[in-house]
Amino acid sequence: MNAPLRKVAISVLVLFTLLIVNVNIIQVVRADSLRENPRNTRILAEEYDRERGAIVVDGNEIASSVPTEDSLTYLRQYAQGPVYAPVTGYYSVIYGNTGIERAENDVLAGTDDRLWVRRLADLFTGRDPSGGNVQLTLDGATQQVAMDALDGLTGAVVALEPSTGKVLALASTPTFDPAQLSSHDPAAIRAYRESLDDDQITNQAISERYPPGSIFKVIVSAAALSSGDYAPDTVVPAPQELTLPNTATTLNNFGNDPCDPSGQQSLTDALTISCNTAFAQLGIDLGEEQVREMAEQFGLDDEGFEMPLPVAGSTVGDIATAAELGVASIGQQNVVVTPLQAAMIAAAVANDGSLMRPYLVDSVQAPDLTVVDQTDPEEMSRPVSPEVADQLTGMMTSVVENGSGRRAQISGVEVAGKTGTAENAGPDHNWFIGFTPAADPQIAVAVFVRNGGGTGGDLSAPIARQVMEAYLGQGGG
């Protein structure tokens with residue numbers, strides 16, 4: 001009789017031990033991840049009992065909380081909600097939070113360690129706790145123009161301040177109204193969410209990666225110029241078609257047009273008209289190591305980063321043969337980038353070859369508007385020397401003045417840029433990257449239109465011009 005009792009007692013003891021271990025894992029080891037999980041509506045409901053901090057652009061609150069008379073004490077509101085939705089995300093009692101609402105949740109909810117003085121004061125005074133404010137780097141007018149210019153398209157615009165990495169615009173379309181996901185009506189929230197398609201809630205600027213097409217030629221040009229064996233006026237082969245090494249596959253230029261009747265042209269002219277055969281051969285001649293290392297210096301390392309929104313990693317991808325290297329050198333094969341990464345390429349050239357880390361939060365404020373943290377600009381890498389950056393600027397200026405980027409021209413202001421038209425399973429994607437003024441860059445942009453079907457010069461360059469004009473026209477920089 002004692003033996004069976006001992007077995008039962010041991011079994012019960014083991015079960016209790018496992019239960020205690022599991023409870024400790026949940027309460028200690030997994031506590032942070034469970035608390036930060038956007039689907040944890042219990043934590044969200046507790047946060048509704050305090051006034052959530054504001055998200056601010058140009059001194060104006062684009063997300064704020066107002067008191068209610070229902071069971072949830074505060075309601076989240078969004079001024080110009082669809083314009084800023086790619087940045088703010090939403091704060092939903094049903095679906096959790098996204099965007100800045102998630103990335104800066106601790107500040108907005110008032111639980112961030114940087115707000116400990118305020119929390120301590122609240123304890124002694126009996127004052128209701130409230131969240132801190134997040135001041136963004138966005139320029140309101142530029143963001144508005146970017147979203148308007150993308151209306152009716154699926155795509156993205158990213159604008160950066162080259163000298164600091166400040167994100168001046170982060171536009172993604174189609175968009176949505178975060179207020180309808182942040183109401184206190186569960187049925188209405190679910191109905192609205194079900195009406196949205198994936199494109200509307202996906203940030204095309206930072207979450208999706210696409211083949212860059214000919215904007216990648218800026219990186220190949222940078223590798224060539226940095227090698228010391230090439231200059232902007234160096235003559236390179238530019239045949240009407242190029243048979244890729246060890247294959248019977250021929251690579252053609254856009255529209256099957258010849259780049260030059262002579263079958264060769266200067267590096268500047270090849271970039272100006274975006275000659276595919278010239279850059280495919282140039283990439284092959286440079287070799288994978290030089291092309292890949294330069295791409296990685298510009299940020300294409302496939303690891304991604306946070307700013308504080310998570311940014312998907314861009315990459316050159318696998319290159320198995322010289323033929324694949326040739327195709328990769330014109331921004332196809334396995335090369336994929338985010339629009340933010342594309343803007344970083346332009347910004348690095350604009351900033352004398354120094355790539356600054358993009359950032360979206362300018363400062364964090366306590367509820368009394370005292371600044372408790374300020375973002376300092378940080379250099380990520382230095383892909384090219386100032387001399388090479390100057391050479392690239394001249395070549396990219398030629399693209400806008402004489403070549404495929406003419407529709408990005410701004411009267412009285414010199415613009416440097418590069419167009420891209422990327423093949424994919426559907427209609428071509430359309431790209432433009434650039435910066436202005438070319439001699440003293442204040443803004444660098446990337447414009448992406450998914451499956452636009454035209455060329456980067458036709459569709460994306462005019463959008464870039466509007467965005468740059470908007471920033472310069474109201475004193476940006």
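Here the structure is a predicted model, which is why all the values come from computation and not from measurement.
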Of all the heavy-atom pairs spanning Leu160 and Gly165, show the shortest one and how long it is.
CD2-O, 4.1 Å
Tell me which one of Val364, Leu369, Asp362 satisfies side-chain contact (heavy atoms from CB on, under 4.5 Å) with Gln135.
Asp362
Would you compute the distance between atom CG of Leu271 and atom NZ of Lys217 and round it to the nearest 0.5 angstrom?
8.0 Å
What heavy-atom pair brings Ala149 and Ile463 nearest, and what distance separates the two atoms?
CB-CG2, 3.7 Å
Spacing of Leu355 atom CG and Ile345 atom CD1 [to the nearest 0.5 Å]
9.5 Å
I'd like to know whether Leu282 forms a side chain to side chain contact (heavy atoms under 4.5 Å, CB included) with Tyr230, so could you lay out the CA-CA distance, the side-chain angles of the two residues, the decisive distance to 0.1 Å, and finally the verdict.
CA-CA 10 Å; Leu282 180 60; Tyr230 296 83; 3.5 Å; yes
Could you give me the CA-CA distance, side-chain angles and deciding distance for Glu401 and Arg406, then say whether salt bridge (Lys or Arg N to Asp or Glu O under 4.0 Å) is met?
CA-CA 6 Å; Glu401 290 183 349; Arg406 288 187 178 91; over 6 Å; no
Minimum side-chain heavy-atom gap Met356-Pro162 below 4.5 Å
no
Given 3.5 Å as the limit, does a donor-acceptor pair link the side chain of Asn351 with the main chain of Gly353, or not?
no
Take the angle between the ring planes of Tyr210 and Phe448 and call it parallel below 30°, perpendicular above 60°, tilted in between.
parallel
Of the non-hydrogen atoms in Ala408 and Phe432, which two are nearest, and what is the gap between them?
CB-CZ, 3.5 Å
Is the side chain of Gln265 donor-acceptor paired with the backbone N or O of Val235 at a distance under 3.5 Å, no angle test?
no
Do side-chain atoms of Thr277 reach the backbone of Pro239 as a donor and acceptor pair under 3.5 angstrom?
yes
In short, Thr137 meets Val361 closest at the heavy-atom pair CG2-C, 4.0 Å
Show your reasoning for whether side chain to side chain contact (heavy atoms under 4.5 Å, CB included) applies to Val167 and Met307.
CA-CA 9 Å; Val167 179; Met307 52 122 199; 4.0 Å; yes
Met395/Thr272 under side chain to side chain contact (heavy atoms under 4.5 Å, CB included): CA gap, chis, key distance, verdict:
CA-CA 7 Å; Met395 293 168 63; Thr272 299; over 6 Å; no
Do Gln200 side-chain atoms and Thr175 backbone N/O form a donor-acceptor pair below 3.5 Å?
yes
Taking Ser214 for the side chain and Gly420 for the main chain, is one N or O donor matched with an acceptor at less than 3.5 Å?
no
Just wondering, do Glu306 and Val311 contact through their side chains at under 4.5 Å, heavy atoms?
no
Separation of Phe176 CZ from Thr202 OG1 (nearest 0.5 Å):
10.0 Å
Can you list the steps and then say if Tyr84 with Tyr78 is a ring pair (Phe, Tyr, Trp, His ring centres under 6.0 Å)?
CA-CA 9 Å; Tyr84 291 104; Tyr78 297 87; over 10 Å; no
Can you give me every donor-acceptor pair (side chain of residues 449-462, partner residue at least two apart or in another chain, under 3.5 Å) with its distance?
from   : atom 1 : to     : atom 2 : distance (Å)
Arg450 : NH1    : Asp199 : OD1    : 3.1
Arg450 : NH2    : Asp199 : OD2    : 2.8
Asn451 : ND2    : Asn424 : OD1    : 3.0
Asn451 : ND2    : Pro427 : O      : 2.8
Thr455 : OG1    : Gly457 : N      : 3.4
Thr455 : OG1    : Asp458 : N      : 3.0
Thr455 : OG1    : Asp458 : OD2    : 3.0
Ser460 : OG     : Asn430 : O      : 2.9

Between Thr315 and Leu300, is a side chain to side chain contact (heavy atoms under 4.5 Å, CB included) present by the stated rule, with each step listed?
CA-CA 5 Å; Thr315 181; Leu300 281 75; 5.7 Å; no
Check whether any side-chain heavy atom of Lys418 sits under 4.5 Å from a side-chain heavy atom of Ser404, and report yes or no.
yes
Supply the atom-to-atom distance Thr421 OG1 to Ile330 CD1, rounded to the nearest 0.5 angstrom.
11.0 Å
Sorted by chain and number, sequence neighbours left out, side-chain hydrogen bond (donor to acceptor under 3.5 Å, both in side chains) with Arg209 holds for Asp302
In plain terms, say whether Glu379 and Arg382 are close enough for a salt bridge, that is, a side-chain N and a carboxylate O under 4.0 Å apart.
yes
Under a plain distance cut-off of 3.5 Å, with no hydrogens placed, do Ser266 and Asp269 share a side-chain donor-acceptor pair?
yes
Using a 3.5 Å distance criterion without hydrogens, assess whether the side chain of Gln240 forms a donor-acceptor pair with backbone atoms of Asn252.
no
Does Arg76 count as lying over the ring of Tyr90, i.e. NZ or CZ under 6.0 Å from the six-ring centre, within 45 degrees of the axis?
no
Report yes or no: does Gln442 contribute a side-chain atom to a donor-acceptor pair with the main-chain N or O of Asp440 at less than 3.5 Å?
yes
If you compare all heavy atoms of Asn133 against all heavy atoms of Ala54, which two are closest, and at what distance to 0.1 Å?
OD1-N, 2.8 Å
Determine yes or no for a side-chain-to-main-chain donor-acceptor pair under 3.5 angstrom, with Thr88 supplying the side chain and Ile100 the backbone.
no
Flag, side chain of Ser182 to backbone of Tyr91, donor-acceptor distance under 3.5 Å
yes
Distance (rounded to the nearest 0.5 Å) between Glu293 CD and Ile219 CD1:
13.0 Å
Side-chain donor/acceptor of Gln341 to backbone N/O of Val337, under 3.5 Å
no
From Asn203 CG over to Thr98 OG1, what is the distance, rounded to the nearest 0.5 angstrom?
9.5 Å
Heavy-atom closest contact (Met380 atom, Pro358 atom, distance):
SD-CD, 3.8 Å
